[in-house]
Amino acid sequence: MDYNPREIENKWKAYWQENRIYKVDNPKPGQNERPKFYVLDMFPYPSGSGLHVGHPLGYIASDIFARYKKMSGYNVLHPMGYDAFGLPAEQYAIQTGVHPAVSTEENIKRYRRQLDNLGFSFDWEREVKTCDPSYYKWTQWIFIQLFEHYFDNEAQKALPISDLRRRFSHEGNARIKAASTQEMVFSAEEWNDMSAKEQSEILMNYRLAYRKTSYVNWCEALGTVLANDEVKDGVSERGGHPVERKAMLQWSLRITAYAERLLNDLKRVDWSDALKAMQRNWIGRSEGAQMFFDIKNSEEQIEIFTTRPDTIFGATFMVLAPEHPLVDALTTEDRKAAVSEYLDYVNARSERERMSEVKEVTGVFLGAYAINPFTQAQIPIYIGEYVLMDYGTGAIMAVPSDDERDHAFATKFQIPIIDVIDKSQYPGAGMHDKLGTMINSEFLDGMEVPDAIEEMLTRIEREDLGVRKVNYKLRDANYSRQRYWGEPFPIKYDAEGIAYAMDIEELPLELPDLEDFKPASGGKSPLARKEEWLKAEEGFIRETDTMPGFAGSSWYFLRYMDARNNEEFASQEAINYWRDVDLYVGGTEHAVGHLMYSRFWHKFLYDKGLVPTVEPFKKLINQGMIQGVIEFIYLMKEKLDGHHHFVCTSLTKQRGVTDFAKIPIHVDFVKNYGSDKSYVNIDSIKRFIDWRPEYENAIFECGNGLYHKGTFKSNNGAEDNHLLTHSETGKMSKRYFNVINPDDVVERYGSDCFRMYEMFLGPVEQSKPWDTKGINGVAGFLRKFWGLFFNKDGQFEVSEEEASKEEMKILHTAIKKIREDIERFSFNTCVSAFMVASNELRKMNCNKTEVLEPLVKLIAPFAPHLAEELWFRLGGMDTTRTVQDAAFPKVDEQYLVEDSVTYPISINGKKRAIADFPSDASKEDLETAALALEDIQKWTDGKTVRKVIVVPKRMINIVVG
RNA sequence: GCCGGUGUGGCGGAAUUGGUAGACGCGCUGGAUUCAAAAUCCAGUUCCCGCAAGGGAGUGGGGGUUCGAUUCCCCCCGCCGGUACCA
């Protein structure tokens, strides 16, 4: 029988499903001797366009690994679900009126069908959907826990708000070191005298989930605020809409409290350096001093943060952020008009403009002066755009001699510049390098910069001018979205506006039905229009914002451990069994968003004693993107015989020619596709236009001259009906005719072939283009592999004869290679090893069970359907339900022992001969034998052999002079 | 700018601790089969010189360490990703 993937794949998919082959149990303690292994994929957002060919890359890799681990004796958790709340479904609802729940459910069905098509070993009985009330009940529950806890900086962990309340009433807050929004000091009496409202406002400063007015990223087009990681280059990551700064009352999560732990614990995880670097960057730790500057004729002080206290003798002015609270108070009468004009200018500028015009220096003098605490000099105070309100203290001491921005500012406003560091000893050092010798700095003169920094920090603390301080770029995470399709906050407000968490018994707070999904007026969520829902309880109103996309995804990996639990987010028994994710596979786009929030939530749950591990994801692999190949033709306009012709050109920018058209061409019309000689001819362009008439204009009517349809000239001027095409690698997109739908590939080649081909493309972590033709190689391999089990008449026929030593060597070489390569996630070389083994066995006409049976087990993680069919035919099903229950083959080293070794023999490092020598030959024997070779004597004749290097089983190198 | 990654045939890529550079696959060339095509099979395929035997060059460029470097070190260049008034 010929290899017919469709037939066998459908058969075994049905069998797996019926027999619940991939169901995974949570064993009772002591019940299951097998060690656990948790393999997780980042769950997808079920978008309307379905799964594309790049998605499955990571899923296939993790599926292979999961199956391999299972066959190696592990109890493997390998679940899948959907990140199902999100903006696209809501925007689709606004456009079409289709309820997000409906479209999301449809998309999920489609995703499921596509995933099933690829033969994954997911345990679907553990499926989670973040939009399901039985799931988001626990998202809400975790939010309440965050609301009910604060972060104690001494204990370096989260503690209950009730503890804090108790301590306040006994001792005030002077001795409490906790992460807080605003710093203030009160005594126990003061606390006890406060109204409930005042107390609640103070507690808000401490809660890990808290509400405050802050400048947020407001996106008018999306009608919602966005988190920092959802904004890229001043526009929204989704949709690319402009984002502006706006002060709003918002929920936030105090992730900054965990900054130090998030940074330090990166040491404990096995992630790529690139990813760790991204997280480190995002956290952005810097050490320095927080210090106060007095102001001339004022009681106020300006608090600044600096990493370079050593340069303070060069601080000749100060700059505040335009939003700084002291701006108004410090502005003198005569400067009011100028300052107000500047503030108008700043407010009118979008985030985008501010970012794109970074180089331009703007600012205005407030009229006030600060006192440099070390020189006692009066230095002018400015406001300027380049100082950001939400980093440090929103104010800086400016040292124009050692900071490019301060320098530019000082130059523009003609402020004195005092050199304080002599860098002449460090010719390569830049302005920001902490190198040099102090000058013009009184007691620091002559000191090296690092020593001067330390000396200043000590003095600042001793003289009570400030304190050592660690600052982070990481900001608290904005947690409110003015949207419908997200988790409602389990929060209600009383008449005074005090926020209360709902009781756990009341959860989930379900999202009510709506007909109209447009945002409500005043930048509010559409939920604000749903009055009966809003005022569900006497005297209380609900929060109308919903939670952001990262809420549900910050803990889903824990839910899989016990996905159907209605009493807890997951039972302690389940969590203590599965513990953490051993292997996590997903894209880099979540490097600072999801991966940071999940770690934060996990650490919080760890503080609460609810999870046993400090980090949720032990090892992480980022799969690369699968790109498309885009074939373009370039047509250049040229006047010939009074007509304009389009002329093919390989150099689009030659001779300053700008009047050309760059047309993407469907690969079906390209000859020699993928090579540098690929071309289209006129006939195929005509066919192309028949097929896509809208392209006729693009091809024949760019420019406005006359032209001859179908007359082309090649690059060298000769008449030709060929047009060279140019390939580029880029995004898969409909407009480039290069989108590959996995379903189509599976339809034609089968899912085993698709799986193996995606792996064969290259290293999982690398981005690479999809090459439509390359798949034939893998398809051919699978046919040949299948053919090993069948005779010339197409009958299944294997032999029980004992396999030869050589055949066993082929098998065990493959086992060794494939085991090692799976362990290091090198799946492309695994496929290659299968090809080598199968080619060699085919040459030997080997059909011995002794070789083929282990080979079937070996390929089972990669091509599960094919393996299952062959396993069944070999009779393996008599002992196991499925090949997945069989043990993954082990290497028997005895078959890998060689009698002889082929040695390359080099003269002065250049290979000159190859010879076989016994593998147990001594170094001396090898040397003698090598020197005796005819091919070698030719090179040594008349020369002195100075040295012979013999590396047993590797090579021999002869040095002659 | 800063941080990280990466650079190997016509193409995707392999070379795991410094030890035969180019595994495996695509593409291409030639042959077999066929009325023909597809498919399949066989052989070849880094580049240059040469009928061949053989020789030379070669892993972005330059230098270094070494008997020996794709691999280690220094400098430079290109590409990809992240980030950017972060004080």
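To find a chain, count down the sequence lines: A is the first, B the second, and so on, and within it residues start at 1.
Distance from the side chain of A:Lys773 is smallest to B:G27 among B:G27, B:A87, B:G82.
Here the side chain of A:Arg405 pairs no donor or acceptor atom with the backbone of A:Asp403 at under 3.5 angstrom.
Taking the P atom of each, B:G82 and B:U65 are spaced 40 Å apart, rounded to whole Å. If you take atom P in B:U33 and the same atom in B:U46, they sit 28 Å apart, rounded to whole Å. Comparing the C1' positions of B:G18 and B:C73 gives a spacing of 13 Å, expressed to the nearest Å. Comparing the same atom, P, in B:G7 and in B:A15 gives a spacing of 12 Å after rounding to whole Å. Here, B:G13 and B:U8 have their P atoms 9 Å apart, quoted to the whole Å. Separating the C1' atom of B:U71 from that of B:U6 is a span of 15 Å, rounded to the nearest Å.
Considering only residues two or more places apart in sequence or on other chains, A:Glu823 meets the side chain to side chain donor-acceptor pair (under 3.5 Å) condition with A:Tyr68. By the side-chain contact (heavy atoms from CB on, under 4.5 Å) test, A:Gln766 pairs with A:Pro763, sequence neighbours left out.
The aromatic rings of A:Tyr903 and A:Phe917 sit tilted relative to each other, their planes meeting at an angle between 30° and 60°.
Shown for residues 469-477 of chain A: residues whose heavy atoms fall under 4.0 angstrom of RNA chain B, namely A:Lys473, A:Arg475. Of the residues in residues 779-787 of chain A, those lying under 4.0 Å from RNA chain B by heavy-atom distance are A:Arg783, A:Lys784.
At the heavy-atom level, A:Asn839 lies under 4.0 Å from the strands shown only through sugar-phosphate atoms. Using a 4.0 Å heavy-atom distance criterion, A:Ser286 is classed as a sugar-phosphate-only contact.
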Check: protein-nucleotides 12-22 of chain B nitrogen or oxygen pairs below 3.5 Å:
{"unit_1": "B:G12", "atom_1": "O2'", "unit_2": "A:Leu761", "atom_2": "O", "d": "2.6"}
{"unit_1": "B:G13", "atom_1": "OP1", "unit_2": "A:Gln766", "atom_2": "OE1", "d": "3.1"}
{"unit_1": "B:G13", "atom_1": "O3'", "unit_2": "A:Asn828", "atom_2": "ND2", "d": "3.4"}
{"unit_1": "B:A14", "atom_1": "OP1", "unit_2": "A:Asn828", "atom_2": "ND2", "d": "3.2"}
{"unit_1": "B:A15", "atom_1": "OP1", "unit_2": "A:Arg824", "atom_2": "NH2", "d": "3.0"}
{"unit_1": "B:U16", "atom_1": "O4", "unit_2": "A:Lys817", "atom_2": "NZ", "d": "2.8"}

Dump the pairs, protein N or O against N or O of nucleotides 72-78 of chain B, anything under 3.5 Å, distances to one decimal.
none

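A sub-4.0 Å separation between OP1 or OP2 of B:G56 and a side-chain N or O of A:Arg912 is present.
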